[in-house]
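See structure below.
Naming convention: chains lettered A, B, ... in sequence-line order (proteins, then strands); numbering from 1 in each chain.
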2 protein chains.
Amino acid sequence: MARPRIKDVALRAGVSEKTVSNVINDYVHVSERTRRVVRQAIDDLGYRVNLAGRHLRRGRTGIIALVVPELDLPYFAELANLIIAEAERNGLTVLVHQTRADREHELAALDGFGSDFADGVILSPLALVDEDLRSRSGALPTVLLGEKLNAGCADHVAIDNAAAAREATEHLLQLGRRRILVVGGLDGESEGTAEVRTRGYRAALAAAGVPFDPRLVVPVAKFATPDGAAAMHRALTDGLAPDAVLALNDQMAIGAVRALHERGLRVPEDVAVVGFDDVEAGRYSVPTLTTVAPDKAEIAAVAVALLIGRIAESQGRGAGEPAGAPGNAPGVNGAVPAHGGVNGAAATGGSPAGARAGRVLPPHERVVPHRLVIRESTSGARKSTVPGPRAGD
Amino acid sequence: MARPRIKDVALRAGVSEKTVSNVINDYVHVSERTRRVVRQAIDDLGYRVNLAGRHLRRGRTGIIALVVPELDLPYFAELANLIIAEAERNGLTVLVHQTRADREHELAALDGFGSDFADGVILSPLALVDEDLRSRSGALPTVLLGEKLNAGCADHVAIDNAAAAREATEHLLQLGRRRILVVGGLDGESEGTAEVRTRGYRAALAAAGVPFDPRLVVPVAKFATPDGAAAMHRALTDGLAPDAVLALNDQMAIGAVRALHERGLRVPEDVAVVGFDDVEAGRYSVPTLTTVAPDKAEIAAVAVALLIGRIAESQGRGAGEPAGAPGNAPGVNGAVPAHGGVNGAAATGGSPAGARAGRVLPPHERVVPHRLVIRESTSGARKSTVPGPRAGD
DNA sequence: ACATCTTGTTACATCGATGTAAGACGTACC
DNA sequence: GGTACGTCTTACATCGATGTAACAAGATGT
């Protein structure tokens, strides 16, 4: 009744445990007949590999952790979707954690949650400071997403946020807008997303000779829709009288649009709105949302590739890898590919290929492309294609 | 340089491996002095537990799998958020998979992905048929979410979809609407979400004496925004001339609203719209969305509680649990609580408590409350609170 | 026919942590 | 002072799968 072990399969098939293992792992030198017999026994017993055993032996779990602030922020949900798919394509399983922007949670993630369950982490930090990263002994292979942290501590994937914000702002300036509210902005020195994007905004203003009004930069507690709406309401109440909004993500942009709507202001006629992230909601909102679209699929692909590279590189550090040559290492059916090909793209630092085990490569810094997608919230609504058939009621 | 083992800690602290283990697991009979020494050694070496080893020994991983169709459907993202949080509260970690409504993926999930990595699965099936569930030997503790499957195969959590759809439809009927389009509907016999909700719709029509027009039930490939928009456009083009829309989720409702907007139809004046799920987007859309709001937090709580119950019940089946009494079983610092309390609510079947190991309880059937949240898309827009300060440009 | 090679299979040790059972030490009590 | 008990600690086996190395059985060459 208990779950069958490899031993049970071996017994039933009349072969040794190792032979069963060899069949499971597609080791080449197994006769077709033996293979069949073993397969049959596996089916008969309903045997499934016990990963605890396998991982203890192999030293790798095939699991990577994805750590994001909140899954119900659509940007992260969409990104998680892509990363999970990409990981699966590489034989990896993704374990999702949420930090709620809490530093303790983020630190725990870097530490592998006090254990070694994951082979690596993809982390989107909000609360960590550089110091946190530097101080850790580089235990777990890590890839960072988004802005927040200085380079030099771990692999890092992001769009050029300063340039993106600048382009978005220039777009608004070209429309003749001059009082551009930055929802979620932060006029500071550090490397957080808010700060970097705000700097891009200021750069655009400066280039256009438009004076910077610090009151137009309104911070928020969280990059979420309610915060965007509240910030917008506040700005209007405070008489800031903006003629455009640069919301630092789409959720806040949607909140801002809603708030403007409630105040009887038209978008884009009275106030033009730009967001960041290109989430699906912005493609179907009324009006549709102009936004900075990062190449999310590319972010996912690069992040996973980098992480796989790091994991491969860290071989021999942890358990497993008992000795020299592979002995009879088979194709490892569903597991991690040996190298995973860190596809060579615009990388800063790092020798090209073949990371020799034990040697730690300098961090990769990857910039992923973005583009400004112009929709109704700045370009004006496309109106009535077809007459309404009836008035209800 | 290699990662420290418990052996290394023991060596450094000058005690045995088991003593280190005892400290780690808060075993009572360890002198304060020894405890300090060991803790120090752990800190010095940066030791972290190797979960592969622990799990091999303990037989449980503390990981549950959450399997949803797509994470970028906000409903599932929001639900995942809540389930992850709830699981964390119970010392469990969540591994997220996406099936993309593919039957093979869903089957793989029930099978624990060909291994035993997860202690259990919370699955939101779309493509499975009852047969799939019945045929599996009940290997992995499982909780099903949503409609799709008949009871009797595994624990199941859902709202009363038929009643919910009926209430939503009644609401539209009360507004005087008579030609209610069902976006995503399916007029069939089976137990899928679409069918069950469509039956609720028909029940409401029947009760109100409104004839059923099958052409008003328009199926979709996927419960997503583009599908909702496309279905709406198609319906309008086909001259179905609806005066209301019952969209079977909020994403499709948002798509429908967008399509109506593009056709120059006003919501709710020309066409009233109701959705399902109460996702955040519907609370900030223009107009805001009337919707059936399931108690998602409750769904998450019940699902996790049921699963924990099943896992506890399945004790002794898999590995671990070597012998009788706990010997010196400690407080198991961060692991799964012994019972987890399947809080008693409206349950069908199943003895109340203390599932004796080995005995398999009949499936639980849990119905979670929902309510109809009426917003602008049926009640009319709240308009202009404050005059617009300027016209841009 | 015999040495050599290749292929297919096996016994055994091992990955790291922990349950078991037993041992070492100290204290309290008669 | 000796015994019994409680406290603290340890040696060892074990969880399940797999790498290593060795060996058996055919195939090949001379």
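With axes fitted over five pairs at each extremity, the angle between the ends of the helix from C/dA1-D/dT30 to C/dC30-D/dG1 is 50° (10° resolution).
Atom CG of B/Asn50 is separated from atom C1' of C/dC15 by 8 Å (rounded to the nearest Å). When the P atom of D/dT10 is taken as reference, atom CG of B/Leu11 falls 12 Å away, rounded to whole Å. To the nearest angstrom, P of D/dT14 lies 15 Å from CZ of A/Arg5. Summarising the geometry, the separation between CZ on B/Arg57 and P on D/dC12 is reported as 16 Å, rounded to the nearest angstrom. Between B/Ile24 atom CD1 and C/dG19 atom C1' there is a gap of 15 Å when expressed in whole angstrom units. Put simply, OH on A/Tyr27 is 8 Å from C1' on C/dG8, counting in whole angstrom units. Rounded to whole Å, atom C1' of C/dT14 lies 14 Å from atom CD of B/Glu17. D/dA11 atom P lies 13 Å from atom NZ of B/Lys7, rounded to whole Å.
Residues passing the side chain to side chain donor-acceptor pair (under 3.5 Å) test with B/Arg100, sequence neighbours excluded: A/Asn81, B/Glu70. Residues forming a side chain to side chain contact (heavy atoms under 4.5 Å, CB included) with A/Thr99 (at least two apart in sequence, or on another chain): A/Val67, A/Pro69, A/His105, A/Glu106. Checked against side chain to side chain contact (heavy atoms under 4.5 Å, CB included), A/Leu45 has the following partners two or more places apart in sequence or in another chain: A/Pro4, A/Asp8, A/Val9, A/Arg12. A search for side chain to side chain donor-acceptor pair (under 3.5 Å) contacts involving B/Thr19 returns B/Ser16, not counting sequence neighbours. Checked against side chain to side chain contact (heavy atoms under 4.5 Å, CB included), B/Ala13 has the following partners two or more places apart in sequence or in another chain: B/Val15, B/Val37, B/Val38, B/Ala41. With sequence neighbours excluded, the residues that form a side chain to side chain contact (heavy atoms under 4.5 Å, CB included) with B/Glu86 are B/Arg89, B/Asn90, B/Ala301, B/Val304. Applying the salt bridge (Lys or Arg N to Asp or Glu O under 4.0 Å) criterion to A/Arg36, with sequence neighbours excluded, gives no partner residue.
With A/Asn25 contributing its side chain and A/Tyr27 its backbone, the two residues share no donor-acceptor pair below 3.5 Å. Between the A/Asp119 side chain and the A/Gly62 main chain, a donor and an acceptor come within less than 3.5 Å of each other. Between the side chain of A/Gln98 and the backbone N or O of A/Leu71 there is at least one donor-acceptor pair closer than 3.5 Å.
When heavy atoms are screened at a 4.0 angstrom cut-off, A/Val20 is found touching no nucleic acid atom at all.
Of all nucleotides listed (C/dC15, D/dA11, C/dA17), C/dC15 comes nearest to the side chain of A/Leu56. The side chain of B/Lys18 lies closest to C/dT20, out of D/dA17, C/dT20, C/dT9. When each of D/dT10, D/dT18, C/dT10 is scored by its nearest atom to the side-chain atoms of B/Val15, the top-ranked nucleotide is D/dT10. The side chain of B/His29 lies closest to D/dT9, out of D/dT9, C/dT7, D/dA17.
Contact annotation: A/Asn22 side-chain N/O to D/dT18 OP1/OP2 distance is not under 4.0 Å. Note on A/Thr19: a side-chain N or O is less than 4.0 Å away from OP1 or OP2 of C/dT10. A sub-4.0 Å separation between OP1 or OP2 of C/dT18 and a side-chain N or O of B/Arg54 is present.
Taking every heavy atom of residues 31-43 of chain B and every atom of DNA chain D, pairs under 4.0 Å involve B/Ser31, B/Thr34, by number.
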